[in-house]
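Have a look at the structure below, then the notes.
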Amino acid sequence: MPLTTSDPLTGLYDRAAFLHLLAQQVNEANKFKSKVALLIVDINRFFRINNVFGYDAGDEILKKVALVLRSVIREQDSVARIGDNRFALILSGVMNVGHAELAAHKIVRLLQSPFQYGERKIVVDCTIAISLCPLHASNPMFLMKECESVLHQAKDENKKIGVSATLEDEELPDDWDIELALDDALGNDQFAVYYQPKIALDSGGVVGVEALLRWNHPSRGFIPPNYFIPLAERLGHIKPITSWIFNTALRQGSEWTDKWGPLSIAVNIPSDFILMPDLKDLIGNALNIWGCENVMLSLEIVERSLVLELEKCFTVLQELRDMGVSISIDDFGTGYSSLSYFEKLPVDELKIDQSFLVDVVNNKANQNIVKLIVDLAHAFDMEVVAEGVEDFAALEYLKKIKCDIAQGYYFAKPMPHEQLKDWLKNFSGVK
Ligand code: C2E
Ligand code: CA
Ligand code: CA
């Protein structure tokens, strides 16, 4: 059941879905040391087609381009419309740049034969940019930026295809010093746990917080977790870091006394941790030392970590629940959950992926997905959390469809422990 959003005109993935897929694919490539290619295809002077032939013709052209792109990709690849006249392809498991260039040449060739529109023939001119992970960037955001800058350069130079420059040692220029610094970050006390409150929509009170890791790099300042956590996973640092997060979060949590009752602390679990033999020990030890009545521990597990060895995962999750830990499925709706195993899923909470909250008040597709997940969770006696709630209108919609819990900048951004204590003291609930 892939809950992904699509562009209504072409039926391709839209930008939000595409960014998710890109993050997933880049993550996989980093983990399995494979390569993934990003291609951005831009239709040149598209406004002229609209001006000369009319908007209907423009729409027809976009649909035809979508068909061409679909015809070029393999089963494991994805194609999306990421802007008015801009498309993107993710080719996974490519061997080298040449492999991606072949696909680009094929697209250029197919688009060069004119489209028949009524009596007239329209020729589509495009520019394609190619960047590979990890060759040109090993983080989805940087890969996207790199590919966009290659696109602009290729357009400036009137080239049909532009490729990111490859360095001799096939590494990002400044990655190595980040990697070195990451080696010592834990020992040098450069990590901090920030907390973001979760609000119950019926009572308006706080029910818990999510623990989010922050790395304050000595010369570069705060580095986003989406960038350094995959790196820490790849370099084998994630286990001691996660153990440190459990201990820190539970220790700091024991200092909260909240007028809304005991709070839960949700800790994010890297996707390959569930089947790690000593996960229960790691959590059990932290609970033995720091556990207290004020705090309930919850684990946030991304949906895609439940695709392999499902039965084994279920057993582990049930054992963790038996220890008094609650389980939440994070980024729900972006993976490929099958409805058939829902009944057996030992899970307490679903967290709707925040991409579905984007413009939820006006975007009918997102509204439908959010409501679908809320109803699904309730049908299986789970609670449902919406994250990325940024405005009052989204909050109103979530209340209307009976979503249980919300989290987002509208209530509070993630904050350090001391600040959270003040926030809890002053927070008087959401009306
Ligand atoms: P996530 O688990 O989905 O965490 C939610 C992210 O959304 C957080 O970003 C949070 O700051 C952000 N966020 C919350 N409310 C809003 C909002 O209203 N609008 C917007 N635009 N964003 C909002 P953050 O802290 O940068 O973390 C990014 C990701 O990094 C997390 O996604 C999680 O996958 C990973 N991560 C963060 N901390 C940890 C950790 O301690 N361990 C592990 N394994 N992963 C972590
Ligand atoms: Ca999370
Ligand atoms: Ca999430």
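We count ligands from 1, going down the list as the structure has it; atoms in each ligand are counted the same way.
Asp330 has its closest N, O or S atom to the Ca ion (ligand 3) at the position named OD1. For the Ca ion (ligand 3), the nearest N, O or S atom contributed by Glu387 is named OE2.
Contact between Pro224 and ligand 1 is absent, with no heavy atom of the residue lying under 4.0 Å from the ligand.
Scanning Val302, Val389, Leu212 for the heavy atom closest to atom 8 (C) of ligand 1 points to Leu212. With atom 6 (C) of ligand 1 as the reference point, the heavy atom nearest to it among Glu390, Lys413, Lys351, Gln354 is part of Gln354. Considering only non-hydrogen atoms, atom 45 (N) of ligand 1 lies nearest to Ile229 out of Thr242, Val193, Ile229, Thr248.
Contact annotation for Ile241 and ligand 1: no heavy atom of the residue comes within less than 4.0 Å of the ligand.
A tilted orientation is assigned to the rings of Trp244 and Phe191, their planes being inclined by 30° to 60°.
The shortest N or O to N or O distance between Gln407 and ligand 1 is not under 3.5 Å.
Among the backbone and side-chain atoms of Asp331, none of the N, O or S atoms lies under 3.0 Å from the Ca ion (ligand 2). Among the atoms of Ser328, none of the N, O or S atoms falls under 3.0 Å from the Ca ion (ligand 2). With 3.0 Å as the limit, Glu210 counts as an N, O or S neighbour of the Ca ion (ligand 2). Among the atoms of Glu300, no N, O or S atom is found under 3.0 Å from the Ca ion (ligand 3).
Heavy atoms of other residues, nucleotides or ligands lying less than 6.0 angstrom from NZ of Lys371 number 12 at most. Within a 6.0 Å radius of NZ in Lys259, other residues, nucleotides and ligands contribute more than 12 heavy atoms. Within 6.0 Å of CD on Glu343 lie no more than 12 heavy atoms contributed by other residues, nucleotides or ligands.
Between Arg15 and Asp7 there is no salt bridge, since no side-chain N of the basic residue sits under 4.0 Å from a carboxylate O of the acidic one.
Residue, atom and distance of the protein heavy atom nearest to atom 15 (N) of ligand 1 are Gln196 NE2, 3.0 Å. Counting only heavy atoms of the protein, atom 13 (N) of ligand 1 lies nearest to Tyr409 CE2, 3.7 Å. Of the protein's heavy atoms, Asn226 OD1, 4.8 Å lies nearest to atom 32 (O) of ligand 1. Protein heavy atom nearest atom 27 (O) of ligand 1, with residue, atom name and distance: Pro225 CG, 3.4 Å.
Annotation: cation-pi geometry not satisfied between Lys145 and Phe142 (NZ/CZ under 6.0 angstrom from ring centroid, within 45° of ring axis).
Side-chain N or O atoms of Asp278 include none that pairs as donor or acceptor with a backbone N or O of Asp281 at under 3.5 Å.
Between Val209 and Lys198, the closest heavy-atom pair is C-CD, 4.2 Å.
Between Phe380 and Phe342, a ring centre-to-centre spacing shorter than 6.0 Å is recorded. Taking the six-membered ring for Trp and the full ring otherwise, Tyr195 and Trp256 have centroids separated by under 6.0 Å.
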